[in-house]
Number of protein chains: 2
Amino acid sequence: MNAPDKLATLLSLTREPFPASRKSYLQGSRSDLRVPMREVTLTNGETVSLYDTSGPYTEPGVAIDVRRGLPSVRTPWLDERADTEVYAGRLHQALDDGAKHEDREAERIEQLRLDAAALQRPPRRARAGANVTQMHYARRGIVTPEMEYVALRENGKREWMREYLGDAPREQRLRGNPMGAQIPAIVTPEFVRDEVARGRAIIPANINHPEVEPMAIGRNFLVKINANIGNSAVTSSIEEEVEKLVWAIRWGADNVMDLSTGRNIHTTRDWILRNSPVPIGTVPIYQALEKVGGVAEDLTWAIFRDTLIEQAEQGVDYFTIHAGVRLPFIHLTADRRTGIVSRGGSIMAKWCISHHRESFIYEHFEDICDIMKAYDVSFSLGDGLRPGSAADANDEAQFAELRTLGELTQVAWKHDVQTMIEGPGHVPMHMIQANMDEQLKHCHEAPFYTLGPLTIDIAPGYDHIASAIGAAMIGWFGTAMLCYVTPKEHLGLPDREDVKQGIVAYKIAAHAADVAKGHPGARARDDALSKARFEFRWMDQFNLSLDPDTARDFHDETLPKDASKVA
Amino acid sequence: MNAPDKLATLLSLTREPFPASRKSYLQGSRSDLRVPMREVTLTNGETVSLYDTSGPYTEPGVAIDVRRGLPSVRTPWLDERADTEVYAGRLHQALDDGAKHEDREAERIEQLRLDAAALQRPPRRARAGANVTQMHYARRGIVTPEMEYVALRENGKREWMREYLGDAPREQRLRGNPMGAQIPAIVTPEFVRDEVARGRAIIPANINHPEVEPMAIGRNFLVKINANIGNSAVTSSIEEEVEKLVWAIRWGADNVMDLSTGRNIHTTRDWILRNSPVPIGTVPIYQALEKVGGVAEDLTWAIFRDTLIEQAEQGVDYFTIHAGVRLPFIHLTADRRTGIVSRGGSIMAKWCISHHRESFIYEHFEDICDIMKAYDVSFSLGDGLRPGSAADANDEAQFAELRTLGELTQVAWKHDVQTMIEGPGHVPMHMIQANMDEQLKHCHEAPFYTLGPLTIDIAPGYDHIASAIGAAMIGWFGTAMLCYVTPKEHLGLPDREDVKQGIVAYKIAAHAADVAKGHPGARARDDALSKARFEFRWMDQFNLSLDPDTARDFHDETLPKDASKVA
């Protein structure tokens with residue numbers, strides 16, 4: 001019982017509610033549809049409610065047992081749809097947790113598996129002939145509880161915002177520039193349905209991840225952020241990764257990708273999924289590569305397919321699939337300053353070149369769609385040829401792949417599979433707009449999901465800042481989700497503090513984008529904080545900020561008389 | 001001798017050259033014109049040279065005695081122009097170091113004055129009828145050594161850059177978008193002269209600051225950054241402020257503003273100026289206010305004028321003058337969310353309202369020009385009505401003041417006084433371009449010098465990031481100098497680490513702007529670092545980065561096999 005106890009200790013640090021905050025819920029049309037918000041009570045008696053990604057962890061009344069996992073909010077909704085079946089699932093294989101364990105390690109994994117026995121559930125899949133994606137329902141005109149949940153969540157409580165946004169001439173002066181986005185004043189469930197039906201938004205929600213609190217990724221919704229975690233062969237433990245997940249959503253991660261590459265991959269993912277209220281993404285090729293001992297050439301469609309099913313049964317909400325790394329594109333990277341830097345891209349390029357064959361992922365794309373729609377796993381079409389330096393930005397390799405991702409989007413949509421498109425990477429400021437324009441042009445408004453982009457290359461140790469600049473801009477231009485970059489990017493694996501620094505930098509970028517786009521209500525929090533600042537309500541200023549702890553710590557009680565000099 | 005010893009200890013920490021770096025010099029047309037660069041030797045035998053703001057401090061051979069100050073590189077140039085005279089200078093007054101010292105404090109100041117006796121020099125001023133501004137020379141067709149110095153400095157050593165920027169199709173793909181700037185391939189001394197003559201650039205270089213290594217602020221040059229330091233009544237000491245100056249220029253501050261408001265103002269400034277190789281700016285109204293015991297209503301033109309002369313004699317290179325805070329504009333701030341947040345703006349607004357009179361600064365503007373041109377102090381026309389929150393961005397109060405600053409620019413130029421314009425502050429991304437457009441329209445291309453802008457208000461503790469986003473964008477659009485914001489903004493006074501964090505964030509913003517504008521050569525450093533990264537030359541990657549220490553510290557020697565996964 002060693003492992004869970006360690007985890008319990010770690011978790012206790014991150015379960016405390018934010019200061020002056022309590023969880024409240026927006027009640028939906030059915031009793032089991034309750035959307036969590038964080039309600040901050042100000043010293044002047046006002047209450048401000050904020051979008052809340054932290055799940056049940058910040059609800060003191062909820063007893064959390066990481067060995068049993070979170071409550072399954074979506075199970076009744078899935079049951080009612082009556083289009084899924086519970087089945088035995090794929091047989092567990094020793095290889096699922098990586099090859100060649102030392103004995104001591106094998107013992108430890110066995111213990112972790114035992115500890116997590118209650119996390120094992122028989123999986124669900126679509127009944128024969130059924131398609132259980134949110135897109136499929138949306139296109140048939142069905143408003144799912146997930147869609148209603150998203151609508152309530154996106155609006156938040158508008159009541160308190162009115163006080164701050166009620167000055168018509170001011171609002172006219174500050175009105176956003178949506179850059180082509182069409183954000184309604186109030187998001188209705190029907191609007192969500194329509195956006196999902198058009199493919200302009202996705203709701204990543206695998207039927208085997210009933211713990212997820214639904215959220216949407218799309219240009220006409222709040223800009224979201226993703227945090228990457230993941231153990232590796234060398235450094236981290238399952239306990240640390242689960243705690244990092246809870247830590248990440250505490251600070252505002254809307255999605256988390258588990259990029260584990262080391263041992264215990266399968267078991268780590270069980271722990272993470274069962275304890276995650278946010279969608280979890282993975283890069284299945286990483287695990288497939290582990291199964292063939294790290295030799296890219298030995299990858300096969302059979303192994304990859306089996307890995308997709310394995311992960312779909314566990315509940316992964318979206319897969320990064322590097323289907324656009326095609327054989328004819330690889331030579332386009334020959335003259336690059338930094339070649340191919342995407343790990344998935346490198347693996348597939350190596351496979352294609354060594355076999356001199358078209359990518360098996362590209363060739364089996366429709367077979368993959370069949371898996372995706374049986375579990376409602378969303379595509380995150382990976383940009384395996386993204387630039388690894390400003391010098392390689394917007395080159396033909398990158399854009400050839402992007403156009404392919406656009407073609408594949410239409411294939412996925414033919415199967416009603418939810419799809420988003422990954423984007424770079426390293427792009428100087430003046431070349432960012434072209435990335436958005438090309439994506440919109442070729443990918444039919446499927447949500448764009450970019451890593452940064454980093455605007456310069458000379459800031460290792462500060463790449464969360466160099467990339468937050470690019471992220472804010474591309475978020476404004478229409479990117480739906482921003483994948484964070486931590487200060488350790490290019491240098492090492494992020495620790496707990498790096499994860500927080502990366503998330504806060506990206507919350508800044510995402511919020512700056514929401515304000516610039518003119519998302520209704522986005523500015524209200526800024527106004528409430530500014531008013532508190534102007535009235536010297538220090539505690540309110542701290543409590544409304546992205547990181548109340550740091551704001552309070554930084555506040556110098558010995559502020560001199562020039563305290564009024566502010567930016 | 002207590003104080004200087006403490007300082008010597010502090011300084012020894014910041015004098016170490018950067019790793020693998022040595023100071024080199026570009027030789028100008030005269031033997032005493034040597035422009036410092038930092039030369040980084042790479043492990044592959046290449047040498048990369050970088051713009052260097054750190055002054056003699058990073059030259060191990062130079063003996064530095066902060067009680068004697070830096071070498072006066074410009075003295076021969078000033079002598080040769082033969083248009084200045086050395087004179088006795090204004091008599092020192094007890095009030096110059098602030099009112100009402102306690103006895104113990106008075107003793108300490110006396111000691112600091114004695115320690116700094118060698119820092120006292122009789123001041124220079126223009127001979128009767130002469131005008132000693134760089135703009136005046138420029139307009140008469142004279143290329144000064146200062147202008148040649150700037151030209152060499154802006155170009156750097158182009159030789160090593162060619163290797164990185166020699167691929168024509170790549171350079172065509174990456175070519176910048178100058179947004180109206182007209183940056184030549186090579187900066188000639190004549191180009192600098194022309195830019196200064198037009199008022200499109202300034203070279204802040206008071207004739208009483210001969211220690212300064214000349215630099216230019218203008219839209220057609222590299223984007224510069226300013227760091228604020230300054231003691232206050234409560235917290236910091238002279239020693240700490242001098243060390244903070246050396247620390248700030250080590251990390252790349254092109255200019256430093258001394259915003260001291262506490263005791264020892266005059267003496268602190270002596271210490272800072274005599275030891276600063278970068279231009280020093282001040283806000284003279286802060287000291288004037290100290291002289292009237294902090295009561296804004298008691299300010300007079302006589303006290304303000306005397307303070308300007310006092311600081312001009314000491315060698316301050318530019319003055320923030322809030323001449324645009326006019327009586328008729330003050331009511332425009334009545335409905336703001338956050339009123340007037342500029343300290344200088346508040347002081348002048350209080351004065352105007354309590355006397356119900358037009359600002360004495362506005363009314364005596366031409367008298368101020370007469371002082372500026374006798375010492376070559378540049379105007380930094382302050383934006384006393386800048387927005388203190390996004391809610392107040394781009395309002396009529398802000399733009400009315402900006403238009404006034406444009407009128408005053410033409411008055412200053414009538415006197416050949418160098419002038420730049422200060423800008424906000426708090427501006428959401430979609431409203432930044434309008435700030436640049438209005439400034440260009442109304443201020444006749446005088447350099448713009450902005451604080452941030454902060455793109456959102458909810459990030460106290462991280463405002464260096466929230467503002468680096470805005471700073472990078474407005475730098476790209478044409479702002480010539482970016483005033484940094486530290487993580488402590490709105491919360492407290494920045495310490496040494498905050499100063500560094502603010503500077504690095506702003507070096508990122510300025511460099512991102514240079515790359516986006518297409519400054520010739522700006523990209524070469526990114527390319528050199530990217531190449532080092534791709535070739536796993538880790539030490540070169542660290543040494544080419546903005547902060548080699550942090551990059552190296554962050555590098556994890558235990559990087560797992562997925563180390564190749566980079567952004």
Side-chain angles (χ1 to χ4, degrees), chain A residues 176-177 232-234 261 337-338 341 343 388-391 425 428-430 451-452 454-462 465-466 468-469 472 476 485 488-492 504-505 508 511-512 515-516 525-527 529-530 534 545-547 550-551 554-556 558-560 562 564-567, chain B residues 176-177 232-234 261 337-338 341 343 388-391 425 428-430 451-452 454-462 465-466 468-469 472 476 485 488-492 504-505 508 511-512 515-516 525-527 529-530 534 545-547 550-551 554-556 558-560 562 564-567:
Chain A
N177 178 353
S232 74
V234 184
T261 58
R337 178 68 73 200
T338 50
V341 296
R343 183 159 188 263
S389 58
M429 278 196 288
H430 66 296
L451 176 60
L454 285 84
T455 52
I456 58 170
D457 300 330
I458 63 171
Y462 301 83
I465 301 177
I469 294 167
W476 172 24
V485 169
K488 288 274 170 61
E489 186 73 26
H490 300 115
L491 299 171
V504 174
I508 291 171
H511 187 66
V515 169
R525 184 174 178 183
D526 298 76
D527 266 21
L529 188 146
S530 296
F534 193 62
S545 72
L546 289 172
D547 176 2
T550 297
F554 278 5
H555 178 58
D556 184 354
T558 65
L559 271 184
D562 60 340
S564 63
K565 179 163 196 314
V566 290
Chain B
N177 177 352
S232 75
V234 184
T261 58
R337 178 67 73 201
T338 49
V341 296
R343 183 161 187 261
S389 58
M429 277 195 287
H430 65 297
L451 176 60
L454 286 84
T455 52
I456 58 170
D457 300 330
I458 62 171
Y462 301 83
I465 301 178
I469 295 168
W476 172 24
V485 169
K488 287 275 170 63
E489 186 74 26
H490 299 116
L491 299 171
V504 174
I508 291 171
H511 187 65
V515 168
R525 184 175 177 182
D526 298 75
D527 267 20
L529 188 146
S530 295
F534 193 62
S545 72
L546 289 172
D547 176 1
T550 297
F554 278 6
H555 177 59
D556 184 354
T558 65
L559 272 183
D562 59 340
S564 63
K565 179 163 196 315
V566 290

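Everything numeric in this text was worked out from a predicted model, so none of it was measured. In what follows, every chain begins at residue 1, and chains take the letters A, B, ... in the order their sequences are listed.
With values rounded to the nearest 0.5 angstrom, B:His430 atom NE2 is found 7.5 Å from A:Trp476 atom CH2. Atom CG of residue B:Asp527 and atom CD1 of residue A:Ile458 lie 11.5 Å apart, to the nearest 0.5 angstrom.
Formation of a donor-acceptor pair under 3.5 Å by the A:Asp526 side chain with backbone atoms of B:Ile456 is not found in this model.
Using a 4.5 Å cut-off between heavy atoms, B:Val504 contacts chain A through its side chain alone, with no backbone atom that close. If you measure heavy-atom distances from B:Leu529 to chain A, the contacts under 4.5 Å come from the side chain alone.
For the pair A:Ala468 and B:Ile465, the tightest heavy-atom approach, listed with the atom from each and the gap, is CB-CG2, 4.3 Å. The shortest non-hydrogen separation linking A:Ala466 to A:Thr455 is O-OG1, 2.9 Å.
Chain A forms the most heavy-atom pairs under 4.5 Å with one residue out of B:Gly461, B:Ala512, B:Pro460, and that residue is B:Pro460. In terms of non-hydrogen atom pairs under 4.5 Å with chain B, the most contact-rich of A:Asp547, A:Ile469, A:Asn177, A:Thr338 is A:Thr338. For the set B:Pro428, B:Ala459, B:Ala472, the entry with the most heavy-atom pairs within less than 4.5 Å of chain A is B:Ala472.
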